[in-house]
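Because only heavy atoms are used, hydrogens play no part in the values below, and waters and symmetry mates are left out as well, while side chains stay in. Predicted, not measured: the structure shown is a model, and the values here were computed from it. A, B, ... follow the sequence lines: proteins, then strands. Residue 1 opens every chain.
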Amino acid sequence: MKVMVDKLDTENVIDLTIKKLQELSFEDYILQTERSNKSQIRFADNQITIVKNWASMDLGIFAVKNQKTVAVELQDLTSETILSSLDSLDKLVTSLPPNQNYMGISDGPFSYPFIDELSDPDLIDFHEQALDKVTASINAAQEEGAKRSAGVLYWDAIKVQLISSRGARAKAHSTKYEYTIRSFIDDTSSGAEIDVGRLSSRIDLEEAGKKAGRIAKMAVGGINGSPGKYNVILAPKVAGDIVAATPAAANPFSVEIGLSWLKDKIGEQIGPEFISVYDDALLPNGLGSKSFDDEGHPTGRNVLVEKGILKGFIHNTSTARKAGTVSTGNAGLVYPQNTNIFFEPGDHSFEELMEISKDKPTIYLTNNWYTRFTNYADGIFSTIPRDGMFLIENGEISKPVRELRISDTMFNIFGNIKAMGKDIKQIKSWEVSTPTFIPAVLLENINITAATS
Amino acid sequence: MTAEPIDLVEKAIEKGEKLGAEYIEARLVDLKSNTSILKSGVPELGAIFRSKGIGIRVLKDGGVGFASFNEMTKDEMNIAVSFATKMAEASGDKRTNKIAFSEEEIHIATYQAVGQSGKRPLELSPEEKISRLINLDKIAAEVETGAIVPFRFFQMIDQTEKKLIITNEGARIECETDLLQLFGLIVAVNPTTGSKEQLMIQKGKAGGYEALDFWKIEDHIEKEVTTLGKIVTEAKEAPKGTIDYVVGPNVIGIMCHENQGHPSEGDRILGREGAQAGESYLKQDMIGEKIGSDKVTIIDDPTLVGSYGYYQYDDEGIKAGPRYLLKEGIFQDMLHNRESAAFMQTKSTAAARAIGYNREPIPRMANTYLAPGDFELEEMIEDVKLGILMHNFTEWNIDDRRYQSKYVGLEAYLIENGEVKHMVRRPVVETTTPKLWGSVDAVAKKSLLEFDAATCGKGDPMQGAPVYHGGSFMRIRNVEVR
């Protein structure tokens, strides 16, 4: 019978979906609804270019019949679309061969951990304040000498509800903001900074503007650098991309499709003894923090690297059972996903990192982009420094350099960590999609190439 | 109460005009998509995606506001239009140089780019789709290469998108497009040395499942995997020093896209993407300047029938045609939407694309290629003393002004005294854009022209746009290889 429902609220959607899934005899299912309100202010040349708002209600379903696995994602939640999509899903599931990698979803019911600082009601109606804060940030960059700044402030409020056929019942409410500003003195002298978090009280766009402006000013007059082997100090933004790439590759799905360089490496020393890294879903204010994963399994803090040794991978129920272990609470709908990657900090100030490297040719990278791989399975890659890049001489920043590229392997990057800074920053940016808590990092003996002589 | 989506689009325009919008566009996008994922022969997932939503963009008082919604009610529409208008006013108020849209011819049009009967995405049975994919994996796993192929991943996505764009200026564009995309990641391993090489395959085309036959996909996979096996077992070290390169359609395509397509985007040149995709080494006052050799003509043409980046009218309702990014080496056209065109006091080049109802239309590429020349491939090779014939690439990257780029070869051969010799491993072209285009002295004939598909990333939030890029063969003289 066709059920007619007008604008569907979340409970209607869930009831209608479960009833239909049961009617179609799906053995297992997980459904997740998300009601969100997201906003964004973009700016360029010191002026706001556009203000955006997205209101959305989405439904995701993972379902299993005869060990065949299917999924549906709907951004069109009329009862007619829900029902017809589930009929299509049923046709699809009958046509597939069994998925031998599927080994079940997590058995509930569960109790979930409490995580502090996940949401802030003040971020829901934030537009007027946001315009003022962005303007203040642009002005701060200009006061440092920036001629023009571009950037984006994004913020959202999201309500998620999850129900599984195995007894998981979970709800979450979260907010977050992400800010990037990039300031220019001229075409090739620029600096960038980010500020991300979940609470409006922590937002400091003005400070981000100042830092971007300051780096841009320091970058003026840069000369083309020379290729060769260097020690390299990575700002947290860069370390969050190329140093955190190795713990992020501790994913069985990536290993199985050749997108990871960590196959058969568990138990091996892959970094120095002072490096420990976790996937930590419970960090207050962490953009990846959440109390349940996409199976409704409770999340937690899982060690990935301990004293430089690769200790384990993140898992969902299927990958865990296949590996003879238990879920780490990292289920995504298709493959395990990181929450927050957290690096234990070192005890060095930035000045001390420069001092440690004073006898070797050293370059300081404030930002990078466009990391690409010749071969993921061996971790052979290159990435391009972006914004202020500086030569370190005698333990101090001496002059700006340009037009260089890191061309090396991920094993060298992680294995050649010489020292870690003490000040951790949360990174999520254009290049770093997994929220990563990481300090500045000193690497030694890294290969640098150049397109220009 | 729910409402008919088309009524909401029309009412949104009325509402925007009542609120004083100088310009309002409403875009309804109804997307139906299916995905099959195969991991080393195992069907990991069959997935269905359905989305229907409306995006509203308003220009008022020199500012722009955008809002989207996917719950089809009059309330949601009213909230979206009011928000977009209010935010256009608020941001416009703070601007010293007001945003305007270029004056353009208004069009009312309907068009389709869909698959053959029985081969359309929603018509073909899931059984046929998955069995063809499983067969591709079998070919990759079983082909005799001398290497082992332990990592294999395939993903096939089909989609049918219906779109209606209406503006308060009277434009009304209705279109329906089918797209098919096939992605493959295959890694071959030398069983003796453990040495590995990866191959990424991306095919895409407007239309339905007839594309698989058009690509001769089974033969293609067999050939590519056989070659991959040879690379890990036979390829020798690539020469260094100053040498020539002859590069094929796959390499030319990515070079045209990265080194000339992106820097020609009007919004990048204006700095609007400065914090994300970056700016450009090109400037407005460089139009007419010589960037490359006479042999280099790079065209971006959305209207190539059957192409992955196909459209007749852009997402602002402007009629599309070929754009000459470089004409005989001279910088000629930019990729403009109406906003970037107005800032440069010119006309749109119909490059506005919005990937989804919830995205704003920004300048994008469509199908970018190097215009063929009149050389035979053999002719180009026989004139090379020491060089490399590079058919395709693995790693690549380029700085955010699109000035210094790097391309690492996959299938590549040594050229010595005009003859193609053994395979070489991972040759690198690391050079600047003007040096690259300035060093081209020969381009092969039209019969060798081929295209590859890609998903071009730009925007924030990210907008992955389907694009084609390609060429025939070109010769690059005196590349410094360190």
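- Checked for salt-bridge contact, A:Arg405 and B:Asp399 miss the test: no charged N lies under 4.0 Å from a carboxylate O.
- The residue among A:Ser429, A:Ser407, A:Gly258 with the most heavy atom pairs within less than 4.5 Å of chain B is A:Gly258.
- Options A:Glu431, A:Lys91, A:Arg148 differ in how many heavy-atom pairs under 4.5 Å they form with chain B, and the most are formed by A:Arg148.
- Between the side chains of A:Ser254 and A:Ser260, no donor-acceptor pair is found at a separation under 3.5 Å.
- Residue B:Glu128: no heavy atom, backbone or side chain, is found under 4.5 Å from chain A.
- Taking chain B as the reference chain and counting heavy-atom pairs below 4.5 Å, the highest number among A:Glu128, A:Gln100, A:Gln75, A:Glu403 is found for A:Gln75.
- Proximity to chain B at a heavy-atom threshold of 4.5 Å picks out A:Tyr370, A:Arg372, A:Phe373, A:Thr374, A:Asn375, A:Tyr376, A:Ala377, A:Asp378 from residues 370-379 of chain A, in numerical order.
- In terms of the salt bridge (charged side-chain N to carboxylate O under 4.0 Å, His left out) criterion, A:Asp186 has no residue partners (sequence neighbours excluded).
- A donor-acceptor pair shorter than 3.5 Å can be found between the side chains of A:Asn368 and A:Asp241.
- Centroid-to-centroid, the aromatic rings of B:Trp396 and B:Tyr407 stay 6.0 Å apart or farther.
- A donor atom on one side chain and an acceptor atom on the other are not found under 3.5 Å apart for A:Thr49 and B:Arg95.
- Judged purely by atom type and a 3.5 angstrom limit, A:Lys65 has no side-chain atom pairing as donor or acceptor with the backbone of A:Asp90.
- Ranked by heavy-atom pairs under 4.5 Å with chain B, the list A:Thr383, A:Ile257, A:Val334, A:Asp187 is led by A:Ile257.
- Looking at B:Ser68, both its backbone and its side chain come within 4.5 Å of chain A, counting heavy atoms on both sides.
- Checked by atom type, the side-chain pair A:Thr69/B:Glu44 shows no donor-acceptor distance below 3.5 Å.
- With chain B as partner, the option from A:Ile50, A:Val93, A:Ile48 having the largest number of non-hydrogen pairs under 4.5 angstrom is A:Ile50.
- Taking A:Ile181, A:Thr135, A:Val152 one by one and counting their heavy-atom pairs under 4.5 Å with chain B, the maximum is reached by A:Val152.
- In this structure, no portion of B:Tyr281 lies under 4.5 Å from any heavy atom of chain A.
- Judged by distance alone, the side chain of A:Thr319 and the main-chain N or O of A:Pro252 form no donor-acceptor pair under 3.5 Å.
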